[in-house]
Amino acid sequence: MSPAVKTVTTLPDLGPTTTLQLPTEVEQTLPNGLTVIAIRRPSVPLVEVRLRIPFGRAHTARAAMLTQTLLSGTDTMTSVEIAAELQTVGGALSAGVDPDRLMLAGNGLVSGLERILEIMAEVLTAARYPAEEVATERARLVDHIQVAQSQPSHVARTALLQRVYGKHPYAVQMPEPEQVKAVRPAQLRALHSERIRPAGATLVLVGDIQPAKAIEAAEQILGGWAIGGDVPASKWALPPVPALVPAPLSVLHRPDSVQSSLRMALPAVPRTHPDHAALQLANLIFGGYFSSRWVENIREDKGYTYGPHSAIEHLVAGSSLTVAADVATEVTGPAMLETLYELGRIASLPPKEDELEQARQYALGTLRLGVATQAGLAGLATTYAGFGLRLDHLAEHSARLAAATADDVAAAAATYLAPARAVTVVLGDAEKIEAPLAALTPIEKAQQ
Amino acid sequence: MERFTLANGLRVVLAPDRSAPVVGVAVVYDVGIRSEPEGRTGFAHLFEHLMFQGSANLEKLAHFRHVQGSGGTFNGSTHLDYTDYFEILPSNALERALFLEADRMRGPRLTEENLRNQVDVVKEEIRVNVLNQPYGGFPWLTLPPVMFDTFPNAHDGYGSFTDLESATVPDAAEFFEKYYASGNAVLSVAGDFDVAEATVLVERHFGSVAARLAPVRPGFDEPDLTEERRTSYTDRLAPLPAVAAAWRVPDPIADFAGYLPYVVLAEVLTDGDASRLVERLVLKDRSVTSIGGYLGFMGEPFEVRDPTALLLQAHLPPGGDVDKLLGTVDEELERLAEDGLTAGELARTQARMATHLLRDTDAVLSRTLRMAVLEQQRGEPGLLNELPVLLGAVTEEQIRAAAATLRPQRRATIEVIPGAAR
């Protein structure tokens, strides 16, 4: 029997370009300084909640312990009661910190929004940091840090941050176990009192909500969160990140490692910088997605690695670009050779039109994917808010991506992706990788 | 939700949702780690890589470039009982995704060069995720050989380097011929599209794929344990002890009603600070740093067939006592079985589970994939929307009865001895 349909042998055209649909953000800043942003996406009967509190320059170990114990009990609730009450409305909250901000994040059934906000308010205004719970969480955090320090990705990143940021507060993002062991409940209460404040904080609510009503609820429940001390926010402002200082490639010894972790930092610009869209496209063409030159080269042609990636990271005090690959020990030299070659190539020669169009379509398309869920919208709105941006920035950024020319991309690549500007660390079996790396570039053996 | 079967046996599920201009496309084949031949550990996963290496009308690299150049992302993954391939794209690229999946369903380009290249890539994947990583493969690769005796259930699904290096192009051709049949696959599409238009597109691209029947799937059942099994190994990179324990559970498909209480039980035991084992072991006794509980070695309660298990997995503080910990777990399970739940304990656990399930379905890709597997294993993609209610109907009596079956003599345990302890 012959097939009913003739086989299609050529790639179908795309349909008409879909428009970027951005939901409306309703926003209000409460008298206590808390900004509330509410976004309606009624796809499922849930709500996503993100509270972002500026936390730059906070003591690393105390900040980590504070997030670990923020939900460990209040004047009226134990940690178990907090968790049980949240569960009752299908909810949960967790706290996290990075060098810029503290985040209290969660989700739950939309019918429980008010209850979730009430528990947040309770925690923000009456967290108690009980000695027993602090002791438990201190030990857990120490264990957690020990495990992190046994992971090559963590060790390599830590070394890279130190070389990139020097004396800047961003240089150390996870405390040492000894520092954690020294943290006391009184210090956590003091840090809370000083920094867990509504001024400059942003609450983002996304889900099956009526934005005006959600903001009203937030105002009612969090309006009483006290403004607090008179320390001006400028006291915590971070200095701009230092410029990258090119240095010899740094080799970190990991005895008997079966892979080498290659990590390079390159300069980058903030989201609002005129070069940002062109740099994003240049990075995509180089190594920022699977169909990039670098990934096609070292994975799909050479088989040196599984998941190489290159990405721009934005922090409040500055942006950077990180190139990362884990490669078999025996091909560490050749993998570095190809990496330097691909960086050199994009920094020296303009991209081809079809490469640029492919990267452009990817950048524009994935913007749409990123805002297609409640959690995606909540994450993006919160991140943007931390940089003083709103979701409409996506539309502006789309327009810049659409307009960037091959010349713009070549200029950005020459400026930011030049391998001579890179700061590089390689974590691996130094006895096997030093000589092959030294054949390509000056190296130094890192102190550990 | 629309379901139909093409003349060649390909089953299709369509679930429109116009809330965002994106579309997910997935093809799921009914073959996984349990079906790979002896002497070819890791082959199902290696073959998944080969499905991305080109097909009749697509050169090597073309698949990736076409998906990403249309603004989408892609991946594939190999599981115990199935292998999935998927894209999520702006909805104007739907037809492209269907073309790409149909082309490789007719047959990948299997060449010696691509095979060798992907063996190298898979070896790096294993190095980065297992060999160069503390707790690598724990417990999903290390516990099955303790619990099970037969090759399909017990072997290392990532594969040994020897087996991977021994793989040949004819092996791959045979594997494709046997398992990658139109009758052994499900196509699932969810998101922003019109059902009538999508039906035409599906027929246009997949209608001419040759009709091939699904192979007969053997049963992989094994007898339950009648005495405790326990083993340990030293992980040279791990700084702290860890342990995982598993108990067999009812057949997730043939005895779905008997299986559901175990899914809820895992959450009663380990979901958050107010759960039984977190409260006792983490907060009160401080005998563990963290503990998790879940169904299935890959943590997919509704995407796995029999035999499978309920797992508990814990990391211990330095010098932690595994025997004592297991004793406390037994004690807590007995207490749950005998004394039952506290007021509100079950309802709040079920409420949180409903949130997890709903949140998962908000993402078009996750909806696409889960419907495909539910269709494949149960002929019931609509179950996705019923799960919150079904889990919410599990009773206290059922939880107690489930807890009562988790006895030490039915338990398989693997302990990680920290080779990098300070």
Side-chain angles (χ1 to χ4, degrees), chain A residues 3-12 14-18 21 43-46 79-80 83-84 87-92 107-109 136 139-140 143-144 146-147 150-152 257-259 289-291 296 299-300 303 305-307 326 328 358 361-362 364-366 368-369 372-375, chain B residues 7 19-22 57 60-61 64-66 68-73 88-93 95-96 99 102 117 120-121 124-125 127-128 131-134 203-205 207-208 237-240 272-274 279 283 286 289 315 317 344 348-349 351-352 354-355 358-359 361-364 420:
Chain A
V5 201
K6 196 168 180 302
T7 299
V8 180
T9 59
T10 54
L11 186 72
L14 293 175
T17 304
T18 59
Q21 295 169 4
S43 47
V44 285
L46 301 178
S79 64
V80 171
Q87 259 191 334
T88 301
V89 293
N107 49 64
L109 299 169
T136 304
R140 291 179 75 193
D143 289 353
H144 172 77
Q146 264 202 50
V147 171
S150 69
Q151 289 160 343
S257 187
V258 296
Q259 278 184 324
Y289 69 150
F290 197 98
S291 300
E296 290 185 352
R299 175 180 150 135
E300 289 298 294
T305 182
Y306 172 64
D326 294 275
Q358 181 180 289
Q361 288 307 313
Y362 179 76
L364 290 169
T366 47
R368 287 160 171 72
L369 306 184
T373 61
Q374 293 175 346
Chain B
S19 72
V22 300
N57 298 293
K60 175 164 169 140
L61 304 179
F64 310 122
R65 292 176 176 182
H66 290 322
Q68 295 191 314
S70 306
T73 62
I88 172 167
L89 321 96
S91 41
N92 65 331
E95 187 175 0
R96 273 199 179 172
F99 165 76
N117 167 247
D120 285 344
V121 170
E124 290 317 303
E125 181 178 350
R127 285 190 174 115
V128 77
L131 302 175
N132 204 37
Q133 201 56 243
E203 183 65 42
R204 180 187 300 161
H205 290 280
S208 66
L237 301 175
L240 297 172
D273 283 358
E279 186 179 356
L283 303 178
R286 304 188 192 174
T289 300
H315 288 259
R348 62 176 161 83
T349 305
R352 184 63 189 155
T355 295
L358 289 166
R359 193 165 187 256
T361 62
D362 187 31
V364 71

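Convention: sequence-line order gives letters A, B, ...; per-chain numbering from 1.
Using modelled atom types, no side-chain atom of A/D326 and backbone atom of B/E125 make a donor-acceptor pair closer than 3.5 Å. A donor-acceptor pair under 3.5 Å links the side-chain atoms of B/D362 to the main chain of A/Q374, judged by distance alone. A donor-acceptor pair under 3.5 Å is formed between the side chain of B/E124 and the backbone N or O of A/A328.
Residue B/L240 touches chain A through its side chain alone, counting heavy-atom pairs closer than 4.5 Å. Only the side chain of B/R286 comes within contact range of chain A, with at least one heavy atom under 4.5 Å from a heavy atom of that chain. Heavy-atom distances place both the backbone and the side chain of B/A363 under 4.5 Å from chain A. Contact annotation for A/S150: both backbone and side-chain heavy atoms come within less than 4.5 Å of a heavy atom of chain B. The contact between A/L46 and chain B is made entirely by side chain atoms (from C-beta outward), counting heavy-atom distances below 4.5 Å. Only the backbone of B/L89 comes within contact range of chain A, judged by heavy atoms closer than 4.5 Å. Proximity to chain B is absent for every atom of A/A139, based on heavy atoms less than 4.5 angstrom apart.
Options B/S91, B/P90, B/P21 differ in how many heavy-atom pairs under 4.5 Å they form with chain A, and the most are formed by B/P21. By number of non-hydrogen pairs under 4.5 angstrom with chain B, the leading residue of A/T88, A/T366, A/L369 is A/L369. Across B/G72, B/A20, B/P134, the residue that shares the most heavy-atom pairs under 4.5 angstrom with chain A is B/P134. The most heavy-atom pairs under 4.5 Å with chain A, out of B/D120, B/L237, B/T289, B/L283, come from B/T289. Here B/V121 is the residue among B/T349, B/D273, B/T361, B/V121 with the most heavy-atom pairs under 4.5 Å with chain A. Chosen from A/A92, A/S79, A/A375, A/P45, the residue pairing most often with chain B at heavy-atom distances under 4.5 Å is A/A92. The most heavy-atom pairs under 4.5 Å with chain B, out of A/T18, A/V8, A/L11, A/T10, come from A/L11. By number of non-hydrogen pairs under 4.5 angstrom with chain A, the leading residue of B/T355, B/T73, B/V128 is B/T355.
For the residue pair A/Q21 and B/S19, the shortest heavy atom distance occurs at OE1-O, 4.4 Å. Scanning both residues, A/L14 and B/A93, for their nearest heavy atoms gives CD2-CB, 3.6 Å. Between A/S257 and B/N132, the closest heavy-atom pair is OG-OD1, 3.2 Å. Taking each heavy atom of A/G90 and B/R352 in turn, the nearest pair found is O-NH1, 2.9 Å. Closest approach of B/V22 to A/R368, counting heavy atoms only: CG1-O, 4.0 Å. Scanning both residues, B/A274 and A/Q87, for their nearest heavy atoms gives CB-OE1, 4.1 Å.
B/H66 NE2 to A/S291 OG: the interatomic distance, rounded to the nearest 0.5 Å, is 10.0 Å. Taken to the nearest 0.5 Å, the CG atom of A/N107 stands 4.0 Å off from the CZ atom of B/R359. Atom OH in A/Y362 sits 15.0 Å away from atom CZ in B/R65 (nearest 0.5 Å). Within the model, atoms CZ of A/R299 and CG of B/N117 stand 8.0 Å from one another, a figure rounded to the nearest 0.5 Å.
Every residue two or more places apart in sequence or in another chain that forms a ring-ring contact (aromatic ring centres under 6.0 Å, His included) with A/F290 is listed here: B/F64, B/F74. By the salt bridge (charged side-chain N to carboxylate O under 4.0 Å, His left out) test, A/E300 pairs with B/K60, sequence neighbours left out.
Side-chain N/O atoms of A/T9 and B/N57 include no donor and acceptor closer than 3.5 Å.
Heavy-atom neighbours of A/H144 NE2 from other residues, nucleotides or ligands within 6.0 Å: at or below the threshold of 12.
With contacts defined as side-chain heavy-atom distances shorter than 4.5 Å, the pair B/S70/A/Q361 does not qualify.
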